[in-house]
Amino acid sequence: MAMSFHFHPLAASRVHFSPLPFAAAAGAPSPSSSVAIAAHHQHGRRRFSAIVATAAAASAATTEFDFKAYMGERAVAVNRALDAAVPAGEPPAALHDAMRYALLAGGKRVRPALCLAACAVVGGPEPWAMPAAAAVEMVHTMSLVHDDLPCMDDDDLRRGKPTCHVVYGEPIAVLAGDALLSLSFHHMASVGSYPPDVDPEKHPARVVRAIGELARCIGSEGLVAGQLKKCSTCPLQVVDLEMTGTSETVPLERLEYIHLHKTAALLEASVVIGAIIGGGTDEQIERLRKYARSIGLLFQVVDDILDVTKSSEELGKTAGKDLASDKTTYPKLLGLEKSREFAEELLSDAVEQLACFDKEKAAPLLHLANYIAHRQN
């Protein structure tokens with residue numbers, strides 16, 4: 001009997017698919033079902049080929065775009081902004097050192113690049129969005145510092161380096177994360193963070209709206225709802241923890257809920273606040289929101305795949321932790337091949353949301369979606 005999973009209403013994806021039967025779990029198929037299974041496989045191959053062709057065609061339209069150079073230039077500009085935003089050597093020196101260690105320890109700067117690209121695709125100058133781009137990277141770094149703590153995921157490696165609490169101790173790491181979160185909003189709200197050519201009439205309202213969007217996406221209805229684990233000193237328990245080590249069959253909708261909040265929320269905020277600062281229309285902002293939710297889920301599906309197919313050296317973080325802790329992931333729920341197909345469907349969905357924008361201006365967002373889909377770490 002085929003089962004159809006319908007995604008949460010918040011998801012950008014319109015995908016409804018029936019997973020292939022798992023012989024190991026359900027036993028070998030009976031002769032009477034072999035024809036149906038063969039047809040299912042054939043349908044899946046045709047659909048998968050169509051999805052890949054759609055994404056490839058969109059990518060081919062912008063083959064002259066130098067994505068590596070684009071990301072390198074944005075990373076340099078973002079790192080410069082982050083370096084300037086956190087004082088070096090000023091008291092409290094230990095706290096500022098820990099903040100800078102975590103913030104400037106590397107990273108691809110995908111979220112800031114999304115923010116800058118979203119501003120540009122709606123017609124806004126990229127420098128207008130640089131304070132917001134720096135802010136989302138501060139929030140992202142905060143989430144990594146806190147997620148690595150012993151009371152959370154208890155990880156010793158991040159971006160190929162010892163985690164913040166390993167170097168500076170748990171108390172300083174907690175405070176460094178707190179300070180980065182506070183600084184992100186201060187940086188976005190400060191008049192001095194923005195270039196002088198911003199629209200003096202419209203800019204303040206856009207900044208207020210963008211700050212509200214960031215707060216919503218990372219608060220108790222967003223990132224925090226998905227990130228929180230069961231603390232060793234308190235009885236808090238939320239969905240991500242509840243799904244770890246359970247013998248219960250986890251519905252796909254529940255797994256999607258976790259990742260729409262834990263992973264997709266900040267990617268969504270990065271794109272949406274860039275579009276807001278850039279002066280996008282409501283229709284443009286909502287299209288970009290759907291794009292962001294698709295790539296947010298895509299990011300997590302790929303992350304789950306990499307966790308079981310790559311080494312710690314290749315990833316720059318501890319590999320295989322999800323498998324070791326019996327955590328519910330897309331490969332565990334769907335199998336590796338179906339997870340890869342799901343990733344391609346999400347990529348196709350993201351590409352579709354960009355169709356109404358100028359192709360040249362949309363090229364960074366298109367290539368960022370492809371990068372997220374095909375990244376190797």
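Being a predicted model, the structure only gives us computed values, none of them experimental. We number each residue from 1, following the sequence as shown.
Listed for the H96 side chain is a donor-acceptor partner under 3.5 Å among the backbone atoms of E90. Checking side-chain atoms of H146 against main-chain N and O of V174 turns up a donor-acceptor pair under 3.5 Å. Of the possible polar contacts, one joining the S270 side chain to the L266 backbone as a donor-acceptor pair under 3.5 Å is found. At least one donor-acceptor pair closer than 3.5 Å links the side chain of N79 to the backbone N or O of A75. Counting only distance, with no hydrogens or angles, the side chain of N370 and the backbone of L366 share a donor-acceptor pair below 3.5 Å. Formation of a donor-acceptor pair under 3.5 Å by the E126 side chain with backbone atoms of G124 is not found in this model. Looking only at distances, no side-chain donor or acceptor of E286 sits under 3.5 Å from a matching main-chain atom of E283. Using modelled atom types, no side-chain atom of S182 and backbone atom of A179 make a donor-acceptor pair closer than 3.5 Å. Between the T141 side chain and the L103 main chain, no donor and acceptor come within less than 3.5 Å of each other. The main-chain N or O of D155 is never found under 3.5 Å from a side-chain atom of R158 such that the two would form a donor-acceptor pair.
Within the 4.5 Å cutoff, the side chain of L180 has no heavy atoms near those of the V139 side chain. Side chains of F65 and E360 form no contact here, defined as non-hydrogen atoms less than 4.5 Å apart. A heavy-atom distance below 4.5 Å is not found between the side chains of T329 and D307. The closest side-chain heavy-atom distance from E341 to K338 is below 4.5 Å. The closest side-chain heavy-atom distance from H140 to L144 is below 4.5 Å. D148 has its side chain within reach of H165: a pair of non-hydrogen atoms, C-beta onward, lies under 4.5 Å apart. Side-chain contact between L181 and D178: absent, with no pair of heavy atoms (C-beta onward) separated by less than 4.5 Å. The side-chain heavy atoms of T309 and L336, taken from C-beta on, include a pair separated by under 4.5 Å.
Nearest heavy-atom pair across R159 and A105 is CB-O, 4.1 Å. The heavy-atom pair separating D97 from G89 by the smallest distance is OD1-N, 4.3 Å. Summarising the geometry of V136 relative to P112, their closest heavy-atom pair is CG2-N, 4.0 Å, with the distance given to 0.1 Å. Contact between M188 and V207 at its shortest, heavy atoms only, is O-CG1, 3.5 Å. The shortest heavy-atom contact between S294 and L346 is CB-O, 3.8 Å. Across all non-hydrogen atoms, the minimal contact from C115 to I273 is SG-CG1, 4.1 Å.
Atom CG of D349 is separated from atom CD1 of I295 by 12.0 Å, given to the nearest 0.5 angstrom. Between the NE2 atom of H367 and the CE atom of M71 there is a distance of 12.0 Å, given to the nearest 0.5 Å. Atom CG of D303 sits about 12.5 Å away from atom CG of L297, to the nearest 0.5 Å. Atom CG of residue L354 and atom NZ of residue K361 lie 14.0 Å apart, to the nearest 0.5 angstrom. Note that CD1 of I305 is 11.0 Å distant from OH of Y330, once rounded to the nearest 0.5 Å. Here the NZ-CD distance, from K68 to E73, works out to 12.5 Å after rounding to the nearest 0.5 Å.
For the pair R375 and F299, the cation-pi criterion (under 6.0 Å, within 45° of the ring axis) is fulfilled.
Under the rule for a ring pair (Phe, Tyr, Trp, His ring centres under 6.0 Å), the partners of H203 that lie at least two apart in sequence or sit in another chain are Y194.
No continuous path of hydrophobic side-chain contacts links M138 to V145 [ILVMFWY only; heavy atoms under 4.5 Å]. V78 and L183 fall within a single hydrophobic cluster, where Ile, Leu, Val, Met, Phe, Trp and Tyr are joined by side-chain heavy atoms under 4.5 Å apart, directly or via other members. Under the 4.5 Å side-chain contact rule for hydrophobic residues, L306 and V110 share a cluster. The same ILVMFWY cluster, assembled from side-chain heavy atoms under 4.5 Å apart, contains both L347 and L114. Note on L95: it does not cluster hydrophobically with Y168, by side-chain heavy-atom contacts below 4.5 Å among ILVMFWY residues.
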V272/L288 under side-chain contact (heavy atoms from CB on, under 4.5 Å): CA gap, chis, key distance, verdict: CA-CA 7 Å; V272 171; L288 290 170; 5.7 Å; no

Residues R340, V302; criterion side-chain contact (heavy atoms from CB on, under 4.5 Å); working and verdict: CA-CA 8 Å; R340 286 176 172 143; V302 172; over 6 Å; no

Candidate pair K108 and E137, rule salt bridge (charged side-chain N to carboxylate O under 4.0 Å, His left out), full reasoning: CA-CA 10 Å; K108 306 171 194 73; E137 189 64 20; over 6 Å; no

Criterion salt bridge (charged side-chain N to carboxylate O under 4.0 Å, His left out) on R100 and D83, from CA distance to verdict: CA-CA 8 Å; R100 291 177 61 84; D83 183 42; 2.5 Å; yes

Residues Y291, E352; criterion side-chain contact (heavy atoms from CB on, under 4.5 Å); working and verdict: CA-CA 8 Å; Y291 159 87; E352 185 178 341; over 6 Å; no

Stepwise side chain to side chain donor-acceptor pair (under 3.5 Å) check, D197 with W128: CA-CA 8 Å; D197 65 339; W128 291 9; 3.1 Å; yes

Steps toward side-chain contact (heavy atoms from CB on, under 4.5 Å) verdict (L175, M99): CA-CA 9 Å; L175 294 175; M99 292 167 67; over 6 Å; no

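With salt bridges taken as basic N to acidic carboxylate O contacts below 4.0 Å, none links E268 and R111.
Looking only at atom types and distance, the side chain of Q300 has a donor-acceptor partner in the side chain of D304 under 3.5 Å away.
Between F67 and Y70, the ring planes lie parallel to each other; the angle is under 30°, not in the 30° to 60° tilted range.
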